Trainee: 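Sharing a structure with you now.
Please read these numbers as outputs of a predicted model, since none were measured by experiment. If you read the sequence from its start, that first residue is 1, and numbering goes on from there.
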Amino acid sequence: MKITVEHTGSAENEVVLRCPSLDEEMLGVLSLLRSGLQRLCVWDGSRQTTLLTPNEVVYCETVEDQVFVYTGQAMYQTALGLGELESRYGGLGFFRAGKSTVVNLHHIRNLESQGAGRIQATLATGEKLIVSRHYAPLLRERLGL
């Protein structure tokens, strides 16, 4: 892929993608560009609202019908369900790891096979999550393993 940067007198930034067809590489570039524009609305324990970029999210989990969003520094809540988080941000690395967990693949540092077809994922924060045997083959496929 050829990358060209042009400096112009224009007040607004512009990105132009030229390609013979919209292949996997270009779809990845588009997802990356869009991720900088998308925000996830969350709130903390004092009900203060924060807008996060998807890249800030390490993982999400459901506990007693509430969805918690974890970053490297804090824990928040969101009104979105895990299925909606996965569908909205799946192209940006969100992956369903279990019935009650969605993990951001960009924050996985280590994978270790466990018994019964499960995988233990060590995250950038040092936390360990189990990818269920149902989702483990999909994770291997998504990572190209």
Side-chain angles (χ1 to χ4, degrees), residues 1-5 10-19 21-145:
M1 174 183 355
K2 177 183 167 185
I3 298 175
T4 304
V5 178
S10 175
E12 185 177 10
N13 291 334
E14 177 184 17
V15 176
V16 177
L17 298 176
R18 291 188 182 94
C19 55
S21 66
L22 203 55
D23 58 10
E24 283 292 320
E25 182 180 37
M26 294 309 292
L27 288 172
V29 170
L30 281 171
S31 289
L32 183 63
L33 289 170
R34 287 186 180 137
S35 71
L37 303 174
Q38 294 182 347
R39 296 287 185 262
L40 172 60
C41 184
V42 296
W43 62 88
D44 60 17
S46 62
R47 305 293 283 177
Q48 181 176 350
T49 303
T50 303
L51 297 175
L52 299 175
T53 62
N55 191 49
E56 292 177 276
V57 176
V58 177
Y59 73 98
C60 308
E61 72 175 343
T62 299
V63 178
E64 297 178 3
D65 295 329
Q66 296 180 22
V67 178
F68 294 93
V69 176
Y70 298 87
T71 67
Q73 296 78 32
M75 176 187 74
Y76 302 97
Q77 278 187 261
T78 183
L80 300 177
L82 291 182
E84 193 168 0
L85 288 167
E86 182 185 18
S87 65
R88 278 190 188 188
Y89 306 114
L92 304 174
F94 281 39
F95 177 80
R96 179 66 72 108
K99 187 172 107 175
S100 63
T101 310
V102 169
V103 64
N104 186 337
L105 297 176
H106 301 291
H107 290 281
I108 293 177
R109 294 293 171 245
N110 185 31
L111 295 173
E112 184 179 323
S113 291
Q114 299 290 302
R118 298 176 305 155
I119 298 173
Q120 178 177 281
T122 304
L123 306 177
T125 58
E127 293 182 74
K128 297 177 190 268
L129 293 177
I130 296 294
V131 179
S132 76
R133 63 187 173 104
H134 177 74
Y135 294 101
L138 299 171
L139 177 63
R140 288 184 183 96
E141 180 183 320
R142 182 109 180 244
L143 295 176
L145 301 175

Trainee: What residues, two or more places apart in sequence or in another chain, satisfy side chain to side chain contact (heavy atoms under 4.5 Å, CB included) together with Ser113?
Mentor: Arg140
Trainee: Side-chain donor-acceptor pairs under 3.5 Å in residues 91-107, sequence neighbours left out?
Mentor:
residue: Arg96; atom: NH1; partner: Lys99; partner atom: O; Å: 3.2
residue: Asn104; atom: OD1; partner: His106; partner atom: N; Å: 3.1
residue: Asn104; atom: ND2; partner: Pro54; partner atom: O; Å: 3.2
residue: Asn104; atom: ND2; partner: Val57; partner atom: O; Å: 2.9
residue: His106; atom: NE2; partner: Leu92; partner atom: O; Å: 3.1
residue: His107; atom: NE2; partner: Asn55; partner atom: O; Å: 2.7
residue: His107; atom: NE2; partner: Val57; partner atom: O; Å: 3.4

Trainee: Could you list all the salt bridge (Lys or Arg N to Asp or Glu O under 4.0 Å) pairs where at least one residue sits in residues 51-79, not counting sequence neighbours?
Mentor: none
Trainee: Gly72 and Val58: which non-hydrogen atoms are nearest, and at how many Å?
Mentor: N-CG2, 3.7 Å
Trainee: Please name all residues satisfying side chain to side chain contact (heavy atoms under 4.5 Å, CB included) with Glu112, sequence neighbours left out, ordered by chain then number.
Mentor: Gln114, Gln120
Trainee: With sequence neighbours excluded, what pairs up with Gln66 under the side chain to side chain contact (heavy atoms under 4.5 Å, CB included) test?
Mentor: Phe68, Gln77
Trainee: Taking ring pair (Phe, Tyr, Trp, His ring centres under 6.0 Å) as the definition, give me every residue that meets it alongside Tyr59, ordered by chain and number, with sequence neighbours left out.
Mentor: Tyr70
Trainee: Taking side chain to side chain contact (heavy atoms under 4.5 Å, CB included) as the test, write out the residues that go with Thr78, two or more places apart.
Mentor: Leu40, Val42, Val67, Val69, Leu80, Leu85
Trainee: Check whether more than 12 heavy atoms from other residues, nucleotides or ligands sit under 6.0 Å from atom CZ of Arg109, and answer yes or no.
Mentor: yes
Trainee: Partners of Arg142 by side-chain hydrogen bond (donor to acceptor under 3.5 Å, both in side chains), sequence neighbours excluded?
Mentor: none
Trainee: For a 4.5 angstrom cut-off between non-hydrogen side-chain atoms, does Val131 reach Leu111?
Mentor: no
Trainee: Nearest 0.5 Å, please: how far is OH in Tyr76 from CG in Leu52?
Mentor: 5.5 Å
Trainee: Got a second to check how far Ile108's CD1 is from Leu123's CG, nearest 0.5 Å?
Mentor: 6.5 Å
Trainee: Restricting to pairs with a member in residues 114-126, which pass salt bridge (Lys or Arg N to Asp or Glu O under 4.0 Å), not counting sequence neighbours?
Mentor: none
Trainee: Please list all pairs passing the salt bridge (Lys or Arg N to Asp or Glu O under 4.0 Å) test where one or both residues lie in residues 69-85, with sequence neighbours left out.
Mentor: Glu84-Arg88
Trainee: Just verifying a value: how many Å separate Lys128 NZ and Thr125 OG1, rounded to the nearest 0.5 Å?
Mentor: 10.5 Å
Trainee: According to side-chain hydrogen bond (donor to acceptor under 3.5 Å, both in side chains), who are the partners of Glu86, at least two apart in sequence or on a separate chain?
Mentor: none
Trainee: Just to verify, what does Thr49 make a side-chain hydrogen bond (donor to acceptor under 3.5 Å, both in side chains) with, not counting sequence neighbours?
Mentor: none
